[in-house]
Amino acid sequence: MALIIVAGESGQHAAVVYEAAVLSGMSVLGFATVRNTEPPSMFDCPWLGNIGDVATSQIAKGNEFIVACGSNKQRRQQSATLSSLGATLRSIYHPAAIVSPSAQIGAGSAILAGAIVGPRTIVGVSTIINHAASIDHDCKIGDFTNISPGARFAGCVQAGVGVFVGLNASILQGIKLGENSVVGAGAVVIRDVLSGKTVVGVPARPLR
């Protein structure tokens, strides 16, 4: 069984996921793309074609997929497409990541180098826990969420579906981040964030 990586338009996040997969000992069959165009160079890994053609071809049989698009919306769309076609999503843990044995990681998620996922934390489907992000105990991270490098979650934080947390942001204990909310880079979140809202600053306030 091998892995097929679905790359977004730039292919940048897919290159990161590819390297994590290889370092964790996985066999990568190649890349598929959301469009009919070959992405920028992906090390020595071949381009297989667009995702629609690849997922319905003989290539897909017996293999697994991960959607490696930085955009939450695009990752959600392509994961839904693959699921509707009966494809299996695979999660990846970089060998330099630390994931508690009691944590639960959803299918198709990527836990990247230096990231920490604490005890009893639940990470949803097709979610990115990026380089050196720290997720403490008993957190709940929704599907299709992107936690940027260096972001820090204290214990018992809840992030809804489609949340984006910027570089080096800090979320205090017990905070709730509503569905599709955005936390700006370097923000310190001390109050709950409503769904669809963007907060920035220290302490974080809604963006006007």
Side-chain angles (χ1 to χ4, degrees), residues 1-99 103 105-117 123-133 135 141 143-151 162 164-167:
M1 183 177 291
L3 182 70
I4 297 170
I5 298 174
V6 181
E9 293 180 10
S10 72
Q12 293 171 346
H13 182 63
V16 173
V17 170
Y18 169 77
E19 189 169 76
V22 171
L23 289 173
S24 66
M26 298 178 67
S27 173
V28 180
L29 186 63
F31 287 90
T33 48
V34 297
R35 294 189 177 179
N36 244 338
T37 52
E38 185 172 358
S41 175
M42 294 291 178
F43 305 106
D44 58 351
C45 199
W47 178 53
L48 304 174
N50 75 71
I51 183 58
D53 291 342
V54 172
T56 55
S57 71
Q58 291 295 321
I59 297 173
K61 291 188 176 180
N63 294 313
E64 297 174 311
F65 290 80
I66 186 168
V67 181
C69 304
S71 161
N72 288 350
K73 181 179 179 180
Q74 194 170 77
R75 208 164 56 256
R76 185 173 190 166
Q77 290 172 338
Q78 300 307 320
S79 296
T81 296
L82 288 169
S83 295
S84 70
L85 295 171
T88 300
L89 294 176
R90 173 71 180 267
S91 293
I92 291 175
Y93 304 173
H94 191 286
I98 300 173
V99 179
I105 311 298
S109 290
I111 315 297
L112 299 176
I116 300 172
V117 180
V123 175
V125 171
S126 290
T127 282
I128 301 167
I129 309 296
N130 228 310
H131 296 105
I135 312 297
I141 312 299
D143 299 342
F144 315 113
T145 286
N146 190 336
I147 310 300
S148 294
F164 180 86
V165 177
L167 187 76

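The backbone N or O of Ile4 sits nowhere less than 3.5 Å from a side-chain atom of Asn63 that would complete a donor-acceptor pair. With Arg76 contributing its side chain and Ser71 its backbone, the two residues share no donor-acceptor pair below 3.5 Å. A donor-acceptor pair under 3.5 Å links the side-chain atoms of Asn72 to the main chain of Phe144, judged by distance alone. Between the side chain of Thr127 and the backbone N or O of Thr145, at least one donor-acceptor pair lies under 3.5 Å. A donor-acceptor pair under 3.5 Å is formed between the side chain of Ser91 and the backbone N or O of Gly108.
Side-chain contact check for Val99 versus Ile129: every heavy-atom pair is 4.5 Å or farther apart. Using a 4.5 Å heavy-atom cutoff, the side chains of Phe164 and Ser148 are in contact. With contacts defined as side-chain heavy-atom distances shorter than 4.5 Å, the pair His94/Leu23 qualifies. Val6 is listed as a side-chain neighbour of Leu82, based on a closest heavy-atom distance under 4.5 Å. A heavy-atom distance below 4.5 Å is found between the side chains of Ile105 and Tyr93. Within the 4.5 Å cutoff, no side-chain heavy atoms of Ile147 are placed close to those of Asn130.
Taking every heavy atom of both residues into account, Cys69 and Ile128 meet most closely at O-CD1, 3.9 Å. In terms of heavy atoms, Ala14 sits closest to Ile5 at CB-CG2, 4.1 Å.
With sequence neighbours left out, Arg90 forms a salt bridge (Lys or Arg N to Asp or Glu O under 4.0 Å) with Glu64.
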